[in-house]
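Some notes on the structure that comes next.
In this chain, numbering begins with 1 at the start of the sequence shown.
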Amino acid sequence: MRQYTTSLKETKEVEKIICNKCGKEIPVLRGVPREDVLEVEKRWGYFSGKDNRVDRFDLCEECYDALIESFCVTVQQV
């Protein structure tokens, strides 16, 4: 989950990132995350029950690792 601040120039800058799974706050300095984070944005298609809905979330590295541990098929690393 990203929280933004709007400057006087009407530009949005990331102020805070919170892991949607564990709630950990990812430090942000001048709009740049100080730790790596997985940012997901998914627009659901016509053949889903979520037709045209957009879901967004962020995961810290630890929650990402826990998520992929649960996969039956391992993540492909390129």
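- Atom CD of E61 is surrounded by 12 or fewer heavy atoms from other residues, nucleotides or ligands within 6.0 Å.
- Expressed to the nearest 0.5 Å, how far OH of Y64 lies from CG of D36 amounts to 10.5 Å.
- Electrostatic pairing of R53 and D55 counts as a salt bridge here, judged by a charged N lying under 4.0 Å from a carboxylate O.
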Would L59 and L67 satisfy side chain to side chain contact (heavy atoms under 4.5 Å, CB included), going step by step from the backbone distance to the final call? CA-CA 9 Å; L59 292 178; L67 174 67; 4.0 Å; yes

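- Applying the side chain to side chain donor-acceptor pair (under 3.5 Å) definition to pairs two or more places apart or across chains, none involves residues 65-78.
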Criterion side chain to side chain contact (heavy atoms under 4.5 Å, CB included) on R43 and R56, from CA distance to verdict: CA-CA 9 Å; R43 180 176 300 274; R56 291 185 185 103; over 6 Å; no

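- Linking Ile, Leu, Val, Met, Phe, Trp and Tyr residues whenever their side-chain heavy atoms come within less than 4.5 Å places V75 and L38 in a single cluster.
- Cluster membership check: I26 shares its hydrophobic cluster with V14, using side-chain heavy-atom separations under 4.5 Å among Ile, Leu, Val, Met, Phe, Trp and Tyr.
- Taking the side chain as every heavy atom from C-beta outward, E62 and K24 approach each other to under 4.5 Å.
- Here CD of E25 is found 12.0 Å from SG of C19. Values are rounded to the nearest 0.5 Å.
- Considering CD1 of I18 and SG of C60, their distance stands at 12.0 Å, rounded to 0.5 Å.
- Residues E13 and R30 are not paired through a salt bridge, judged by the lack of any N-O separation under 4.0 Å between the basic side chain and the carboxylate.
- V54 and F57 sit in two unconnected hydrophobic clusters of ILVMFWY residues. Membership requires side-chain heavy atoms under 4.5 Å apart, directly or through other members.
- Across all their heavy atoms, P33 and G31 have their closest contact at CD-O, 3.9 Å.
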